[in-house]
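To keep things clear, I will list the structure first and then write my remarks on it.
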There are 2 protein chains.
Amino acid sequence: MGQGEAKVTAPAFDATVQLFADRQPGQPVDPQCPVRDVLDRIGDKWSTLILGTLAGGPHRFSAVQRAIPDISKRMLTQTLRDLERDGLIARTVFPTKPPSVEYRLTPLGVTILEPLTSLVRWANQSHAAIREARLAFDQAS
Amino acid sequence: MGQGEAKVTAPAFDATVQLFADRQPGQPVDPQCPVRDVLDRIGDKWSTLILGTLAGGPHRFSAVQRAIPDISKRMLTQTLRDLERDGLIARTVFPTKPPSVEYRLTPLGVTILEPLTSLVRWANQSHAAIREARLAFDQAS
DNA sequence: ACACAAGGTAATTAAGTGAGACCACAGACG
DNA sequence: CGTCTGTGGTCTCACTTAATTACCTTGTGT
């Protein structure tokens, strides 16, 4: 075996395969390839929700927490820091009476909204089909 | 406070905000919204890599494992099952001499390639900038 | 009988996540 | 004066989930 397994069923797939980890068929995946790196970051539980919130404009710490009520302060702090470290959001401290902190998307952070929106659109469109598939799968168990 | 924080800085953001969890500003996020549901699934360590592999055509279990060498059999089995449960991939058993199993994308699974490719393209384009930002952030610690 | 491979499961361990106490600072209240 | 509130966090601990290592089952060629 090993020959003729990976038959391309549509030309559009070629581009996708090339984009994924830019590897040759049969070659191992680079563990530090951009795809894995990025998906590890935005694939967590909160990053996309925070990015989606900040897409609506700058928010203060407590404002983000109000927008996403079921996030704990610990996770909010950590996720914000991770996003800041990756250059997707910027943190600005204002020396007001009680010091307030504002978070906003950087230009780089803005650029991720497009692919993210594309994924969100797919999620909304496909959610019903996915739930059906789950139901059918669970009944056949 | 609470007023005027979420100032929209560009019209494109509106659509994004609407897509995210289809919530009103100030309203809490639905914990079961499609976005969270989908991102929980494809946001894990291996799903996207498997989808990217199967984008190149049907693969047998061991072929997927060869394509992604650093995945354990346990995770490969589980991720394949989860993707099958969600209707993104189909599992077909062939009663050959040693019974072989083939995994392939379903029509629904094919439709996720487009948004996913969009994200992968962003990852490749932005990886350098992200690594720079990380370096700068870590030096300023 | 023996090694070997495909496909999968069981048990163990590492990582992610959450709840809540605590801190520093300033101002308002009593 | 001493306490209370609000902001933007940090810290520790317990818990839930993800992920790795190690084993099992079935068939097959030698």
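Numbers restart at 1 for each chain; the letters A, B, ... are given by sequence-line order, proteins then strands. Just the heavy atoms: all of them, side chains too, but no hydrogens, waters or symmetry mates, feed the values below. Only a predicted model underlies this, so the values are computations on that prediction, with no experimental measurement involved.
In this entry the distance linking CZ of B:Arg66 with C1' of C:dA5 reads 11 Å, nearest Å. In this entry the distance linking CG of B:Asp70 with C1' of D:dT21 reads 15 Å, nearest Å. Atom CG in A:Asp44 sits about 13 Å away from atom P in D:dA19, given to the nearest Å. Remark: P of D:dA18 and CG of A:Asp40 are 14 Å apart, rounded to the nearest angstrom. One can place CD of A:Gln65 at 11 Å from C1' of D:dT7, the figure rounded to the nearest angstrom.
Salt-bridge annotation for A:Arg134 and A:Glu132: absent, with no side-chain N of the basic residue lying under 4.0 Å from a carboxylate O of the acidic one. Taking a cutoff of 4.0 Å between a charged side-chain nitrogen and a carboxylate oxygen, A:Asp40 and B:Lys45 do not qualify as a salt bridge. For the pair A:Asp70 and B:Arg36, the salt-bridge criterion is met [side-chain N within less than 4.0 Å of a carboxylate O].
A donor-acceptor pair shorter than 3.5 Å can be found between the side chains of A:Arg74 and A:Gln78. Using a 3.5 Å distance cut-off with no hydrogens or angles, the side chains of B:Ser47 and B:Asp44 do pair a donor with an acceptor.
Phosphate proximity of D:dT20 to B:Lys45: present, with a side-chain N or O under 4.0 Å from OP1 or OP2. For D:dG8, one of the phosphate oxygens OP1 or OP2 lies less than 4.0 angstrom from a side-chain nitrogen or oxygen of A:Ser62. In terms of phosphate contacts, B:Arg60 brings no side-chain nitrogen or oxygen within less than 4.0 Å of OP1 or OP2 of C:dA6. Taking side-chain N and O atoms only, B:Tyr103 has no distance below 4.0 Å to OP1 or OP2 of C:dG7.
Each end of the helix from C:dA1-D:dT30 to C:dG30-D:dC1 gets its own axis from five base pairs, and the two axes differ in direction by 30°, given to 10 degrees.
Residues B:Ile50 and A:Phe137 fall into different hydrophobic clusters, defined by Ile, Leu, Val, Met, Phe, Trp and Tyr side chains chained together at heavy-atom separations under 4.5 Å. Put simply, A:Phe61 and A:Phe94 are part of two different groups of oily side chains (I, L, V, M, F, W, Y) that touch within less than 4.5 Å, one to the next.
Residues from residues 73-83 of chain A that place a heavy atom under 4.0 Å from any atom of DNA chain C, listed by number: A:Arg74, A:Met75.
Taking for each of A:Pro99 and A:Trp46 the nucleotide of DNA chain C with the nearest heavy atom, the 5'-most of the two is the partner of A:Trp46. Residue order along DNA chain C, read from the 5' end via each residue's closest nucleotide, puts A:Ile71 first among A:Pro98 and A:Ile71.
If you check every strand for non-hydrogen atoms under 4.0 Å, A:Thr96 touches nothing.
The CD1 atom of A:Ile130 sits 8.5 Å away from the CZ atom of B:Arg41 when rounded to the nearest 0.5 Å. Separation of atoms CG (A:Leu76) and CD1 (A:Ile71) is listed at 4.5 Å; rounding is to 0.5 Å.
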